[in-house]
2 protein chains.
Amino acid sequence: MDLLWRDADADPGGGTRRGARQGLDLDRIVRAAVELADAEGLAGLSMRKVADRLGFTTMSLYRHVPGRDQLVDLMRDAVLAELAEPPGTHDEGRGEERGEEHREGHGEGRGEGRGEGRGRGWRERLEASARQGWEIRRRHPWLAEARGVRHLPGPNAVAHYERMLAAVAGTGLSPSEVLAVVNLVGRFVDAEALQLVEAAEAERRSGVSDEEWWGARQALFERFERYPTITRLWEEGGYDHPEDSFAFGLARLLDGIELLVRRRSGAEVSDETRDETSGCRVCGTPVERPASGRPRAYCSPACRQRAYRERRAAGAPRTREAP
Amino acid sequence: MDLLWRDADADPGGGTRRGARQGLDLDRIVRAAVELADAEGLAGLSMRKVADRLGFTTMSLYRHVPGRDQLVDLMRDAVLAELAEPPGTHDEGRGEERGEEHREGHGEGRGEGRGEGRGRGWRERLEASARQGWEIRRRHPWLAEARGVRHLPGPNAVAHYERMLAAVAGTGLSPSEVLAVVNLVGRFVDAEALQLVEAAEAERRSGVSDEEWWGARQALFERFERYPTITRLWEEGGYDHPEDSFAFGLARLLDGIELLVRRRSGAEVSDETRDETSGCRVCGTPVERPASGRPRAYCSPACRQRAYRERRAAGAPRTREAP
DNA sequence: TACACCCTGTGTACGCCATAAACACCCAAG
DNA sequence: CTTGGGTGTTTATGGCGTACACAGGGTGTA
């Protein structure tokens, strides 16, 4: 914990920090561990291997890190630093290389959205955060494996969390709903990344076991005659050109969340929220914008009326039980 | 693999199966292992402990099971047998006790839906499958942990998979979309269960480390002053009465999927699909049913018109390429 | 300058894990 | 009776995290 949050504290540089050479060092350890985990997965990470990689004995690590679990916590946060700032906030040019290739598929039809202004749409921002998390997990798949153990959030993790919350906080959802939404999306990203790990793992253990694996698979698919739907989908080629499961899932998820947001607010939509939503405020049906005049907010009189009724009735956002 | 799928094969009962007492036995091993994992999690499962629990030496297990991984595969499928049949298909009353308490919150407003007929709604069926998976994972949280390793699906897993696919297959989505939807929901259930494991794990390691843990938490929350949104949500009580994260997530997910289904088909809605959707066929807005006469299918003339236009334009249901 | 101390790195050791290999037994088929 | 396979045991190997005692060197103080 102290180690995780030791940013502004201590470390004034006055110590023995001289030749910068052979001293073991928390950062060196963490960096070596990250490299190792990148290459061999979290299961392949051992104190021994980390120490070997640095040319020290195993136990030397324990002078700097309490134990393996805490090392993983540190690795997690070290890596999460990569998304520290969505490039474009102070921090004069340090010239890092950065991958920066994302934003490839972009879900479904839903237009690119021209939101550029200060507020941007919550959906756009939430999606961006999710994609950032996804990119990081593609570079460091073990991040997803590090779930399940005692997970102390570091400063970078919290910062990312805060950013996601901030994106959703302006939607008019209740506090607990905001949290639920962000957790949901976060878990989705992790779950998706876990699938990556699974695939990588399978690939690593390839070679000898691969034929056995595919033999089993083959035998399996022969048994599948009993399962009509699987067989049909197989024959129709559903497995040949699979969807991009991350993009697909994210789109569904955001659609579902958007529906909730619409249902909840529907009414007091300030213009900031408004110009990013692309459909009827009530039901989400895409609504054709007239050639001239003010763009329509509802797809139909029925929806407009419904919105009015809700505005009348609801008043308070039903968040907590009123006294 | 052979072990996993050894259902209808062999085992005619003609062997040495006599006193039914002290022989080690695959089923006994698997059962003991499941008990152990239920109690201590997958990490606490070791060949030694399983053997000890049965009163044999460690190595004796290897006479019946190739290794730990395969044992886990067997455990998984053994446990998945609990959802073999969604109670109500032949199988004369065996009088199992069964939990059967679910269906508590049921998402949001969305009416109970009276679907009882043969087809039932795809959403209802998919949701039921998801809840089944969820219930099983609440009984056996290690199921979620067993992801990530090489995962050979057993007959029960495949049966469940088939059931979910069948639920979605009638929606008019493309084959790859059907697969993506089912995978998405399946992963969601697992991810949600993983969170359970995490909590349980934290609870198990309680006692001494708990104060340290909460101490850290406390110190953490003091740092949170830097994060305005987190602080605000905290102060507004969002963390005090959290949403049921499974129910919430599932509702969002299904909403998103339903939107896709509507967008895809929109048109040729056969009556089977129809009487389960509770809202406007196009936009999903809840539509009040008139006191007398045929229930309305659209919330507004606009939506009716839109449906008509799409019906004109689309023609074929675009599910598979027509000859 | 001398002494003490602490910080860091090391070596050894323990207990846990999965599993390979060789051995012991018992029952049934030849 | 011999023989052989199924079954359980013993012993051993190599990997893991980490506790503990120790060593050496730089530093603060006398």
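Below, chain A is the first sequence line, B the second, and so on; all start at residue 1.
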If you measure only the distance, is there a donor-acceptor pair under 3.5 Å linking the side chains of E82(B) and H140(B)?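 Note: E82(B) and H140(B) side chains meet the donor-acceptor criterion.
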
Gap between atoms [atom1] and [atom2], on [X] and [N] respectively (whole Å):
X	N	atom1	atom2	result
L26(B)	dT7(D)	CG	P	11 Å
F56(A)	dT18(D)	CZ	C1'	19 Å
L36(A)	dC16(D)	CG	C1'	14 Å
R63(A)	dG25(D)	CZ	C1'	14 Å
L54(B)	dT7(D)	CG	C1'	15 Å
L71(B)	dC17(C)	CG	C1'	15 Å
I29(A)	dT8(C)	CD1	P	11 Å
L61(A)	dG17(D)	CG	P	10 Å

Under the side chain to side chain contact (heavy atoms under 4.5 Å, CB included) test, residues paired with [X] that sit two or more places apart:
X	answer
A159(A)	R163(A), Y227(B)
D190(B)	R137(B), A144(B), R147(B)
R53(B)	A32(B), E35(B), L36(B)
D240(A)	none

Give the stems involving DNA chain D, where a stem is 3 or more consecutive Watson-Crick or G-U wobble pairs (i with j, i+1 with j-1, and so on) under 3.5 Å.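 If one scans DNA chain D for consecutive Watson-Crick or G-U pairs, the stems found are C:1-30 with D:1-30.
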
So which protein N/O to nucleotides 19-21 of chain C N/O distances come out below 3.5 Å?
residue	atom	partner	partner atom	Å
dT19(C)	OP2	Y62(B)	OH	2.9
dT19(C)	OP2	R68(B)	N	2.9

For Y62(A), what residues pass the ring-ring contact (aromatic ring centres under 6.0 Å, His included) criterion, not counting sequence neighbours?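 Per chain and number, Y62(A) pairs via ring-ring contact (aromatic ring centres under 6.0 Å, His included) with no residue.
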
H64(A) side chain N/O closer than 4.0 Å to the phosphate oxygens (OP1, OP2) of dC7(C)?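 No, because none of the side-chain N or O atoms of H64(A) sits under 4.0 Å from OP1 or OP2 of dC7(C).
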
Does the side chain of S60(A) get closer than 4.0 angstrom to OP1 or OP2 of dT8(C) through an N or O atom?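 No.
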
Checking N183(A) now: which residues fulfil side-chain hydrogen bond (donor to acceptor under 3.5 Å, both in side chains) with it, not counting sequence neighbours?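 None.
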
According to salt bridge (Lys or Arg N to Asp or Glu O under 4.0 Å), who are the partners of R48(B), at least two apart in sequence or on a separate chain?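 Salt bridge (Lys or Arg N to Asp or Glu O under 4.0 Å) list for R48(B), sorted by chain: empty.
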
Side-chain (E145(B)) to main-chain (L42(B)) donor-acceptor, under 3.5 angstrom: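 Pair found, side chain donor or acceptor close to backbone of L42(B).
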
